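Presented below is the structure to which this report refers.
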2 protein chains.
Amino acid sequence: MTTLTAQERRAEAARRYHAYLASCPARRLLDRIGDKWVTLVLSALADGPQRYSDLSRRIAGVSQKMLTQTLRSLERDGLVSRSVTPSVPVRVDYALTPLGTPLMPLLAHIKEWAEQHMDEVAAARAAYDRVTGAPAP
Amino acid sequence: MTTLTAQERRAEAARRYHAYLASCPARRLLDRIGDKWVTLVLSALADGPQRYSDLSRRIAGVSQKMLTQTLRSLERDGLVSRSVTPSVPVRVDYALTPLGTPLMPLLAHIKEWAEQHMDEVAAARAAYDRVTGAPAP
DNA sequence: CAGAATCCAAGGGGATACTG
DNA sequence: CAGTATCCCCTTGGATTCTG
């Protein structure tokens with residue numbers, strides 16, 4: 001007999017659901033481009049190959065840790081290539097790959113939607129806060 | 001004289017950059033749809049209005065806390081409407097608004113891209129891990 | 001039924017310092 | 001120059017309990 005409490009059944013359902021989400025392509029994509037630095041790095045590289053220090057300057061708000069971590073993850077995903085020139089000091093160039101390039105039109109599409117609709121969202125938010133009386137607790 | 005150390009100048013640049021990002025429409029949109037439960041709730045509601053308990057069952061992995069919090073934020077953004085029927089016990093229905101509805105084609109577009117390309121990303125990831133010898137530290 | 005409130009563990013991410 | 005390593009804070013989110 002599988003005697004499970006309601007709690008245990010819910011926990012099991014949640015576990016399965018998480019496994020499902022981990023395999024969902026759309027969710028995986030959103031996890032990547034939802035990352036703050038990922039989109040910024042990709043957008044910067046859309047203008048052409050860049051050195052590490054160039055990226056660091058262009059994306060002024062990023063820490064070295066997050067920049068390196070983001071670049072590593074993008075390299076691992078095959079979206080960005082990393083090429084080292086063994087000079088002194090070393091020079092490292094990053095660039096979009098053939099796999100990463102077709103991502104840019106999608107980002108452009110998202111940006112377009114945002115510029116068309118996000119002001120309405122902002123207005124809705126202001127109206128909501130006016131009614132509830134709370135700007136953002 | 002504005003005598004600033006290199007650290008102070010970098011900190012100031014980061015501060016400005018964060019302020020810029022907070023006002024960037026595309027970034028704000030990505031922050032929303034990058035949220036795990038937001039997309040799942042919106043997708044569920046795309047099938048028509050749903051009660052709280054319906055959503056809770058359909059999105060099996062979500063806690064009540066996150067479901068409520070997500071619904072509140074979506075209501076605040078004007079993407080979802082909340083209607084209370086004062087019966088006993090109360091009944092609450094959620095639905096996409098005219099502002100939230102046009103978001104669905106965008107999500108469909110993202111999903112389409114993901115299903116076309118995410119397997120290549122997975123392959124790149126596997127190749128990367130094979131070379132580096134690390135499945136995922 | 002539809003939440004609100006509280007507690008708490010895990011992880012993300014910044015600041016700093018060091019290196020080949 | 002292009003990182004790596006470490007510390008540490010603070011947010012995120014799950015579990016639990018209580019209510020109208």
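As the structure is a computational prediction, the values presented were derived from the model and not from experiment. The sequence lines fix the lettering, A, B, ..., with proteins before strands; numbering per chain opens at 1.
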For this session: Classify the side-chain pair B/T68/B/Y52 by whether it contains a donor and acceptor separated by less than 3.5 Å.
Result: yes

Exercise. Taking atom types as modelled and ignoring hydrogens, do the side chains of B/R51 and B/S56 form a donor-acceptor contact shorter than 3.5 angstrom?
Worked result: no

Exercise. Where do B/D54 and B/R57 land on the salt bridge (Lys or Arg N to Asp or Glu O under 4.0 Å) test, with the steps shown first?
Worked result: CA-CA 5 Å; B/D54 294 334; B/R57 258 186 302 279; 3.4 Å; yes

In whole angstrom, give the distance that lies between atom [atom1] of [X] and atom [atom2] of [N].
{"X": "A/K36", "N": "D/dT11", "atom1": "NZ", "atom2": "C1'", "answer": "13 Å"}
{"X": "B/L40", "N": "D/dG13", "atom1": "CG", "atom2": "P", "answer": "13 Å"}
{"X": "A/L67", "N": "C/dG13", "atom1": "CG", "atom2": "C1'", "answer": "13 Å"}
{"X": "B/M66", "N": "D/dT16", "atom1": "CE", "atom2": "C1'", "answer": "16 Å"}
{"X": "B/I59", "N": "D/dG13", "atom1": "CD1", "atom2": "P", "answer": "14 Å"}
{"X": "B/Q64", "N": "C/dA4", "atom1": "CD", "atom2": "P", "answer": "12 Å"}
{"X": "A/R57", "N": "D/dA2", "atom1": "CZ", "atom2": "C1'", "answer": "12 Å"}
{"X": "A/H18", "N": "D/dA15", "atom1": "NE2", "atom2": "C1'", "answer": "12 Å"}

Are [X] and [N] close enough that a side-chain N or O sits under 4.0 Å from OP1 or OP2?
{"X": "A/Y52", "N": "D/dT4", "answer": "no"}
{"X": "A/Y17", "N": "D/dG14", "answer": "no"}
{"X": "B/R91", "N": "C/dG3", "answer": "no"}
{"X": "A/S53", "N": "D/dA2", "answer": "yes"}
{"X": "B/R51", "N": "C/dC1", "answer": "no"}
{"X": "A/R72", "N": "D/dG3", "answer": "yes"}

Exercise. A/W37 or A/V90: which one's nearest nucleotide on DNA chain C is closer to the 5' end?
Worked result: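 Residue closer to the 5' terminus by nearest nucleotide: A/W37.
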
For this session: With DNA chain D as reference, determine whether A/A11 or A/D93 sits nearer its 5' end, using the nearest nucleotide of each.
Result: A/D93

Seminar exercise, completed: Judged by nearest nucleotide, the residue sitting upstream toward the 5' end of DNA chain D, B/K65 or A/T68, is A/T68

For this session: Give a yes or no on whether the ring-centroid distance for A/W113 and A/H117 is below 6.0 angstrom.
Result: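 Aromatic pair counts; centres sit under 6.0 Å.
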
Exercise. Are A/V41 and A/V84 joined in one hydrophobic group, where the rule is that I, L, V, M, F, W and Y side chains link up if heavy atoms are under 4.5 Å apart?
Worked result: yes

For this session: Look at all strands and tell whether A/R10 reaches a base, only sugar-phosphate, or nothing, counting heavy atoms closer than 4.0 Å.
Result: nothing

Seminar exercise, completed: The nucleotide from D/dG3, C/dG13, D/dG14 with an atom nearest the side chain of B/S63 is D/dG14

